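Owing to the predicted nature of the structure, the values given are computational and were not obtained by experimental measurement.
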Amino acid sequence: MSSVKQNQQQPSFNSIFSLRCSLLTLAILTLFSFTYLSLQYSTPSPQVPDGAPNLLGGTGRIEQEDDVVDNDGDEFGDVYHSPRVFKLNFAEMEKNFKVYIYPDGDPKTFYQTPRKLTGKYASEGYFFQNIKEGRFRTLDPDQAHLFFIPISCHKMRGKGTSYENMTIIVQNYVESLISKYPYWNRTLGADHFFVTCHDVGVRATEGLPLLVKNSIRAVCSPSYDVGFIPHKDVALPQVLQPFALPAGGNDVENRTTLGFWAGHRNSKIRVILARVWENDTELDISNNRISRATGHLVYQKRFYRSKFCICPGGSQVNSARIADSIHYGCIPVILSNYYDLPFNDILDWRKFAVVLKESDVYQLKQILKKISQDEFVTLHNNLVKIQKHFQWNSPPVRYDAFHMVMYDLWLRHHTIQY
């Protein structure tokens with residue numbers, strides 16, 4: 001009886017053993033296959049010096065598309081995450097994108113375009129003027145992809161209105177739009193957006209959860225500590241216009257200063273930057289803005305002579321110094337935590353800038369010196385290619401800051417269903 005049971009169990013044991021051997025063999029063959037394919041098709045990673053930022057992105061691998069040239073001769077290289085996709089989507093946006101601007105509200109309070117498009121908050125004024133006069137505006141709300149809530153707090157701020165009263169004014173205005181029109185309720189405001197560059201606009205609206213959490217915010221201070229949501233909101237470039245001097249570029253031989261910064265110590269990172277590097281002989285660091293008494297446009301001319309321009313966050317993560325650096329051809333060194341950089345879903349910032357954490361300030365000089373001359377020239381040449389994206393114009397010009405903001409809005413409207 002015992003032998004019968006053993007004979008009945010033996011085939012089962014052999015089957016299991018045979019199955020295990022087959023699976024083991026299959027696993028070994030699969031491992032060899034993947035190893036062969038990875039060696040066959042992998043691209044060797046360039047060597048990055050220890051302590052130096054990886055200028056090619058997180059993995060160090062170069063993944064390039066062929067350069068794309070549009071009908072106007074504009075070239076799209078690897079400064080874009082996907083130049084071909086950008087070119088095609090941008091053309092579709094130009095052809096189809098429509099925005100409806102709510103006509104309600106006191107234009108002296110809400111829809112207020114500054115009389116002069118100047119200063120470090122000019123981005124807001126330029127956007128208001130360009131959207132009002134541009135090709136993307138539609139007077140038919142049924143044709144609109146997005147709805148623009150024309151809130152501008154410039155006038156209210158100028159009159160000394162408190163933040164609490166600003167919030168009440170904005171809340172009453174938005175609630176009147178919701179009650180008068182059917183469009184907000186279709187998506188709970190997900191296809192609505194507003195634009196504000198000054199942090200006063202952020203503070204005036206942060207008490208309105210339905211506006212902050214639901215609608216798209218295009219803001220100059222895209223920090224996570226003010227509730228910025230990267231996949232929903234848009235980082236508006238803060239540009240100090242008009243620029244005092246022409247754009248820099250193709251002038252690497254004139255850039256003999258390693259790094260430059262001058263400004264007010266109105267943040268912790270700026271205090272540390274000045275304390276650590278103020279007396280350095282290779283870094284030109286001043287703990288105060290350069291006085292006009294020292295000479296005509298001395299501050300701006302320092303940008304022309306510097307290879308890298310340090311851009312630490314101020315009272316907010318953003319700084320108009322980034323756009324200044326880009327305009328004058330000086331590689332911006334971003335020194336700010338939690339900063340969702342403008343157009344970073346379109347542009348690969350590590351191809352034309354150095355992006356660091358605030359804690360890297362103590363190794364700043366060593367990091368910059370380990371960037372080779374060839375790497376610097378590549379960064380500089382790429383910087384010249386993207387200068388047009390950080391320039392506001394009136395009327396707007398193709399691929400300028402206005403069109404890039406509109407493109408970011410166009411990308412976000414595709415996620416909205418109603």
> Calculate, to the nearest 0.5 Å, the distance between atoms CG and CD1 belonging to Leu211 and Ile216 respectively.
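So the CG of Leu211 and the CD1 of Ile216 are separated by 11.5 Å.
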> Any salt bridge between Lys369 and Glu282, counting N to O under 4.0 Å?
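Salt bridge: yes.
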> Mind listing the closest non-hydrogen atom pair of Phe260 and Ser306 along with its distance?
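Reported closest heavy-atom pair: CB-OG, 3.2 Å.
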> Please evaluate residues Phe148 and Phe128 with respect to the criterion ring pair (Phe, Tyr, Trp, His ring centres under 6.0 Å), reporting the C-alpha separation (whole Å), side-chain torsions for both, the decisive distance (0.1 Å), and the verdict.
CA-CA 10 Å; Phe148 179 39; Phe128 271 61; 5.3 Å; yes
> Where the side chain of Arg217 meets the backbone of Phe194, is there a donor-acceptor pair that is under 3.5 Å apart?
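Absent.
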> Which atom names give the shortest non-hydrogen contact between Asp104 and Tyr181, and what distance separates them?
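For Asp104 versus Tyr181, the nearest heavy atoms are OD1-OH, 2.5 Å.
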> Grab the two heavy atoms, one from Gly313 and one from Ile269, that are nearest each other, plus how far apart they are.
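For Gly313 versus Ile269, the nearest heavy atoms are O-CG2, 3.5 Å.
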> Under the criterion ring pair (Phe, Tyr, Trp, His ring centres under 6.0 Å), which of Tyr399, Trp349, Phe402 is the partner of Phe390?
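Among the candidates, only Trp349 passes.
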> With a 4.5 Å heavy-atom cut-off, do Ile169 and Tyr173 have their side chains touching?
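Not in contact.
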> Looking at every non-hydrogen atom in both residues, tell me the closest pair between Ile331 and Ala353 and how far apart they are.
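Closest approach of Ile331 to Ala353, heavy atoms only: CG2-CA, 3.9 Å.
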> Quick one: which residue pairs count as a disulfide bond (SG atoms under 2.5 Å apart) with a foot in residues 320-360, not counting sequence neighbours?
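Output for this query lists Cys309-Cys330.
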> Go through the steps for Lys98 and Asp142 under the test salt bridge (charged side-chain N to carboxylate O under 4.0 Å, His left out), then give the verdict.
CA-CA 10 Å; Lys98 296 299 178 186; Asp142 293 326; over 6 Å; no
> Once you round to the nearest 0.5 Å, how far does OG of Ser82 lie from CG of Asp345?
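If we round to the nearest 0.5 Å, Ser82:OG and Asp345:CG are 12.0 Å apart.
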> Could you tell me if His192 and Tyr102 have a donor-acceptor pair between their side chains, going purely by distance under 3.5 Å?
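Side-chain D/A pair, Tyr102 to His192: present.
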> Before giving the answer on side chain to side chain contact (heavy atoms under 4.5 Å, CB included), spell out for Leu364 and Asp360 the whole-Å C-alpha distance, their side-chain angles and the decisive distance to 0.1 Å.
CA-CA 6 Å; Leu364 179 61; Asp360 291 325; over 6 Å; no
> If we count only N and O atoms by modelled type, under 3.5 Å, do the side chains of Glu124 and Ser152 hold a donor and an acceptor together?
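There is such a pair (donor and acceptor under 3.5 Å, judged by atom type) between the side chains of Glu124 and Ser152.
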> Do Lys307 and Thr257 make a side-chain contact, defined as non-hydrogen atoms from C-beta onward lying under 4.5 Å apart?
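No, side chains not in contact.
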> Please check this pair: side chain of Asp400 against backbone of Trp392, looking for a donor-acceptor N/O pair closer than 3.5 Å.
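Judged by distance alone, no pair lies under 3.5 Å.
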> Distance check, rounded to the nearest 0.5 Å: Ile151 atom CD1 versus Thr196 atom OG1?
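OG1 of Thr196 is found 9.0 Å from CD1 of Ile151.
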> Using only atom types and a distance under 3.5 Å, with no angle test, would you say the side chain of Gln300 pairs donor to acceptor with the backbone of Leu245?
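Flag not set: sc Gln300 to bb Leu245 has no pair under 3.5 Å.
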> Checking Phe193 against Lys232 for the side chain to side chain contact (heavy atoms under 4.5 Å, CB included) test, could you report, in this order, the C-alpha distance in whole Å, the side-chain angles of both residues, the deciding distance, and whether it holds?
CA-CA 10 Å; Phe193 73 96; Lys232 175 181 76 71; over 6 Å; no
> Below 4.0 angstrom, N of the basic side chain to O of the carboxylate: do Asp233 and Lys213 qualify?
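So Asp233 does not pair with Lys213 through a salt bridge.
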> If only atom types and distance count, is the side chain of Trp261 paired as donor or acceptor with the main-chain N or O of Leu283 below 3.5 Å?
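The answer is no, because no donor-acceptor pair under 3.5 Å joins these two groups.
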> Could you give the distance from CD1 (Ile285) to CD (Glu278), rounded to the nearest 0.5 Å?
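Answer rounded to 0.5 Å: 9.5 Å.
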> Is there a side-chain contact between His403 and Pro396 in this structure, where contact means two heavy atoms from C-beta onward sitting under 4.5 Å apart?
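In short, these two side chains touch, coming nearer than 4.5 Å.
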> Taking the ring centre of each residue, are Phe86 and Tyr407 less than 6.0 Å apart?
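Yes, close enough.
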> Give the C-alpha distance, both sets of side-chain angles, the deciding distance and a yes or no for side chain to side chain donor-acceptor pair (under 3.5 Å) between Thr378 and Asn381.
CA-CA 5 Å; Thr378 299; Asn381 291 339; 5.8 Å; no
> Mind checking the CZ-CZ spacing from Arg275 to Arg270? Nearest 0.5 Å is all I need.
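Separation between the atoms: 16.0 Å.
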> Are any side-chain N or O atoms of Ser336 and backbone N or O atoms of Tyr339, one a donor and one an acceptor, separated by less than 3.5 Å?
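Here the side-chain-to-backbone pair does not exist.
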> Test side chain to side chain donor-acceptor pair (under 3.5 Å) on Gln387 and Gln391 and set out the steps.
CA-CA 7 Å; Gln387 285 175 328; Gln391 170 76 46; over 6 Å; no
> Looking at every heavy atom in both Ile371 and Phe376, which two are closest together, and how far apart are they?
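Looking at all heavy atoms of both residues, the shortest contact is CG2-N, 4.1 Å.
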> So, His145 side chain and Trp410 main chain: donor-acceptor pair closer than 3.5 Å or not?
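Looks like no, no N/O pair under 3.5 Å.
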> What pairs with Trp184 under side-chain hydrogen bond (donor to acceptor under 3.5 Å, both in side chains), at least two apart in sequence or on another chain?
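Expected list: none.
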> What's the separation between atom CG in Asp284 and atom CD1 in Ile310, rounded to the nearest 0.5 Å?
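Separation between the atoms: 10.0 Å.
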> Specify the closest pair of heavy atoms between Pro237 and Ser123, including all atoms of both residues, with the distance to one decimal.
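In this case the closest contact between Pro237 and Ser123 is O-OG, 2.6 Å.
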> If you define the side chain from C-beta out and look only at heavy atoms, does anything of Leu210 sit under 4.5 Å from Ile178?
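Yes; the side chains approach each other to less than 4.5 Å.
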> Side-chain contact test, heavy atoms from C-beta onward, threshold under 4.5 Å: evaluate it for Ser162 versus Asn165 and give yes or no.
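Sidechains of Asn165 and Ser162: in contact.
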> Kindly indicate, with the supporting measurements, whether the criterion side chain to side chain contact (heavy atoms under 4.5 Å, CB included) is fulfilled by Asn382 and Asp348.
CA-CA 10 Å; Asn382 287 340; Asp348 187 348; over 6 Å; no
> For Thr187 and Asp191, does a side-chain donor sit closer than 3.5 Å to a side-chain acceptor?
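Yes, side-chain donor-acceptor contact under 3.5 Å.
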> For the side chain of Arg255 and the backbone of Phe303, is there at least one donor-acceptor N/O pair under 3.5 Å apart?
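Yes, the answer is positive, given that a donor and an acceptor are paired below the 3.5 Å cut-off.
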> Go through it in stages, so that I can follow the logic: the residues are Thr167 and Thr205, the test is side chain to side chain contact (heavy atoms under 4.5 Å, CB included), and I'd like the CA-CA distance, side-chain angles, deciding distance and then a yes or no.
CA-CA 6 Å; Thr167 300; Thr205 57; over 6 Å; no
> Quick one: does any side-chain atom of Asn96 pair with a main-chain N or O of Met93 as donor and acceptor, under 3.5 Å?
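Between the backbone of Met93 and the side chain of Asn96 there is no qualifying donor-acceptor contact (under 3.5 Å).
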> Taking the side chain as every heavy atom from C-beta outward, state whether Val354 and Leu356 have any pair of such atoms under 4.5 Å apart.
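In short, these two side chains touch, coming nearer than 4.5 Å.
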> Does some side-chain heavy atom of Asp78 sit less than 4.5 Å from a side-chain heavy atom of Lys351?
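They are in contact (side-chain heavy atoms under 4.5 Å apart), so the answer is yes.
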> State, yes or no, whether a side-chain contact exists between Leu411 and Asn89 at a heavy-atom distance under 4.5 Å.
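Yes - at least one pair of side-chain heavy atoms lies under 4.5 Å apart.
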> Is a salt bridge present between Arg321 and Asp324, judged by a nitrogen-to-oxygen distance below 4.0 Å?
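Looking at Asp324 together with Arg321, the answer is no, because their closest N to O distance does not fall below 4.0 Å.
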> Examine distances only and state if a side-chain atom of Arg412 and a backbone atom of Asp408 form a donor-acceptor pair shorter than 3.5 Å.
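Confirmed, Arg412 side chain pairs with Asp408 backbone.
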> Within the distance-only criterion (no hydrogens, no angle test), does the side chain of His389 pair as donor or acceptor with the backbone N or O of Phe343 below 3.5 angstrom?
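No: the side chain of His389 does not pair with the backbone of Phe343.
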